[in-house]
Amino acid sequence: MFLPISWEETEGYLDFVLIASDAYVDHPTYGHAVIARVVESRGFKIGIIPQPITDDEYRALPTPNIAYLVSGGVVDSMVNNYTVAKNKRRGDVYSPPSKQGKRPDRQVTVYTKALKRLFPEIPVIIGGVEASLRRFAHYDYWKDSVMQSILTESGADMLIYGMGEKPMWDILDRLSRHIPLSKIKDVRGTSIVIGGDEVESYRQKGAVIIPSFDEVCQDKMKYAKAFREQERNTDALNADVLIQKQANGKYVLQNLPAYPLTEEEMDEVYSLPYERTWHPIYDKEGGIKSIEEVKFSVTSHRGCYGSCSFCSINYHQGRRIQKRSDKSIIDEIELLTHDKDFKGYINDLSGPSANFREPACDKQRTHGVCKDKYCIGYEPCKNLKVDHTGFLELLKKARSVPGVKKVFIRSGIRYDYVVYDKSSNVLEVLCQHHISGQLKVAPEHMSDRVLKAMNKPSFSVYKTFADKYKAINASIGKKQFIVPYLISSHPESRVEDAIKLTEYLKSIHYMPEQVQDFYPTPSTRATCMYYTGIDPDTLQEVYVPKSPKEKATQRALLQYRLPQNQELIKEAYKSCGKSNESKKPLQAGKKTANLWKKSSNKVAKNKKYGKIK
């Protein structure tokens, strides 16, 4: 049964109303569904208003007795609405067709200000990706300037950062003990606004004062130092309380991070009574497109200790792995087999990194993650525990469920972790049972200078993996290929680095159909580099390609066969004193390679466009 979305579905009383930035899809991969079900499971009454625009739509449900909750959606609204070139996107897979293009920019702020205008006496709690990643002063790519905390910008009363279940449970527990929301100030995983007269008492208790909004606007070194403090204080076992002064003279206080969910708590979250589809109000419009990718996929865990510079997962979900039990996962797979649309295929069994199932090291369990070094990345930590035992056991159980023909691992494999495993046959098992003709992995580049800035492993590690992958598939008689994700114009990437990558792509007869230009999204290490020109870890200067021409050039080099790119490519080679002996470009009007045909999931064999060898 879906949660109420209209006054008629209630008894005229609700404890909470959740404003959803996405269409209402009651599925555990959608944050608004999870938080709403968490609230319901504790005996509170909650309803959902998805994507309101008019004042009347904000009044679709009774005014809540306790608070409005504003969910920031699956992705930041600016990323959802704009390409890296800052062009308006034509579609929104998280909205119904009738609302394409109607998601407001900076949706959390828009929704919160509307609620404060219409219902000024009701508290507002904000959360989700957009709120979490903008909880301190942050560089905003679309404004090309630093913005203050979304907490003070929006006027919300409380911000839940990171994954919201534990903070929400704590808040609900206190409310159940008749503690008013206005008195709840110290919940782990939340941020609040405090007055200047309160700062000193917090400082004396150990809180760290980071550079203020004004300071990080005026001094890029201070911005880098402030970000370093934020990134290094995300673990529940060793973080400090952080305080930052904002533009209006108010202060944002970040309470200590929430503890990671235990295995039992993860199981509880994923066992809640989700309808696992979109609300029937969207039936007449053909439903919500985004459910297609996740309807028959299963989340195995959260968190990632990969710490890629361009990724915000470690800042939002944390670096510690929070996994579900095998039983919980198998129960969900068995549930999916009874769906009328199930054809026998689990589209993906994964998390941020599919083959991470345990903590990176034993120390994390008692001391948390290290503040000043990474578990894996350009170089693995000497304490990294490489063990695929649990992952392999889970895969074996999953593919043995009656009614399941195939369990795919479509993305998220950490190939470096596979290479570092000298004792298991994990890659053989994946090739034999869990790949659908192609495996997506993320080398991102081949220049070690760039890879170091990305905190990705040396390119030699990727080559080792690719060679092993090819050999295993040959030995079992399968034609399966690698689809490499690549990023152009990342900090530290120069034109000569892009040329090196181009030469490698030519050597394997491959040209990517799509190239992701580096996208400076809020609160990533790479975004800090992009804005400041400083690596926040080392506080040393880094090179940042920013001019439209250089960014276009680096992108063109990776798509070296396209005729429209030839002039840029020629100029790039000339500027670096190199000879461009590329093959004849595609004729105008010819389609570029569609190596990975969506209809059949089979790889085209046209060598001209690059079977990966």
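A salt bridge is defined here as a Lys NZ or Arg NE, NH1 or NH2 lying under 4.0 Å from an Asp or Glu carboxylate O, and D92 with R103 meets this definition. Ion pair K289/E292 flagged as a salt bridge, since at least one NZ, NE, NH1 or NH2 atom sits closer than 4.0 Å to an Asp/Glu carboxylate oxygen. In this structure, K456 does not pair ionically with D448, as no charged nitrogen and carboxylate oxygen lie closer than 4.0 Å. The pair E165-R302 meets the salt-bridge criterion, with a side-chain N (NZ, NE, NH1 or NH2) lying under 4.0 Å from an Asp/Glu carboxylate O. With salt bridges taken as basic N to acidic carboxylate O contacts below 4.0 Å, none links E379 and K452. With respect to D497 and R449, a salt bridge is recorded, a charged nitrogen being found less than 4.0 Å from a carboxylate O. The pair D219-K225 does not count as a salt bridge, with every side-chain nitrogen at least 4.0 angstrom from each carboxylate oxygen. The existence of a salt bridge linking R134 and D76 is confirmed by a sub-4.0 Å separation between a basic side-chain nitrogen and an acidic carboxylate oxygen. The pair K549-E571 meets the salt-bridge criterion, with a side-chain N (NZ, NE, NH1 or NH2) lying under 4.0 Å from an Asp/Glu carboxylate O. Between D235 and K371 there is no salt bridge, since no side-chain N of the basic residue sits under 4.0 Å from a carboxylate O of the acidic one.
In this structure, K222 is not positioned above the aromatic face of F227 in the sense of NZ or CZ being under 6.0 Å from the six-membered ring centre and within 45° of the axis. A cation-pi arrangement is present between R188 and Y259 under the rule of less than 6.0 angstrom and at most 45 degrees off the ring axis. Annotation: cation-pi pair R319/Y374 absent, no NZ/CZ under 6.0 Å from the ring centroid and within 45° of its normal. For the pair K546 and Y530, the distance from NZ or CZ to the six-membered ring centre is under 6.0 Å and the angle to the ring normal is within 45 degrees.
Atoms CD1 and CG, on I534 and L539 in that order, are 7.0 Å from each other to the nearest 0.5 Å. Rounding to the nearest 0.5 angstrom, the gap separating the OH atom in Y510 from the CG atom in L505 is 8.0 Å.
If you look at F310 and F518, their ring centroids are not closer than 6.0 Å. Taking the six-membered ring for Trp, Y462 and F459 have ring centres closer than 6.0 Å.
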Checklist entry - Please walk me through it: do Y82 and D105 pass side chain to side chain donor-acceptor pair (under 3.5 Å)? => result CA-CA 9 Å; Y82 297 93; D105 293 350; 2.6 Å; yes
Checklist entry - Would S447 and H445 count as a side chain to side chain donor-acceptor pair (under 3.5 Å) if you check the C-alpha gap in whole Å, the side-chain angles of each, and the deciding distance to 0.1 Å? => result CA-CA 6 Å; S447 166; H445 216 282; 4.9 Å; no
Checklist entry - Is there a side chain to side chain donor-acceptor pair (under 3.5 Å) between E130 and S77 once you walk through the steps? => result CA-CA 7 Å; E130 184 164 313; S77 60; 2.8 Å; yes
Next on the checklist: Show, in sequence, the C-alpha distance, side-chain angles and deciding distance for Q516 and Q514, and conclude whether the side chain to side chain donor-acceptor pair (under 3.5 Å) test is met.
Outcome noted: CA-CA 7 Å; Q516 176 61 61; Q514 296 180 328; over 6 Å; no
Next on the checklist: R228 vs D372, test: salt bridge (Lys or Arg N to Asp or Glu O under 4.0 Å). Steps then yes/no.
Outcome noted: CA-CA 10 Å; R228 183 169 65 173; D372 58 353; over 6 Å; no
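Defined by atom type and a distance below 3.5 Å, a donor-acceptor pair is missing between the side-chain atoms of S145 and Y139. Counted by atom type alone, S297 and N347 present zero donor-acceptor pairs between their side chains at under 3.5 Å. Side chain to side chain, S95 and Q51 meet the donor-acceptor criterion of an N or O pair below 3.5 Å. Side chains of S523 and H138: a donor-acceptor N/O pair is absent below 3.5 angstrom, by distance only.
Remark: the backbone N or O of T527 is paired with a side-chain donor or acceptor of T524 at under 3.5 angstrom. Between the N565 side chain and the Q559 main chain, a donor and an acceptor come within less than 3.5 Å of each other.
Qualifying salt bridge (charged side-chain N to carboxylate O under 4.0 Å, His left out) partners for K245, counting only residues two or more places apart in sequence or in other chains: none.
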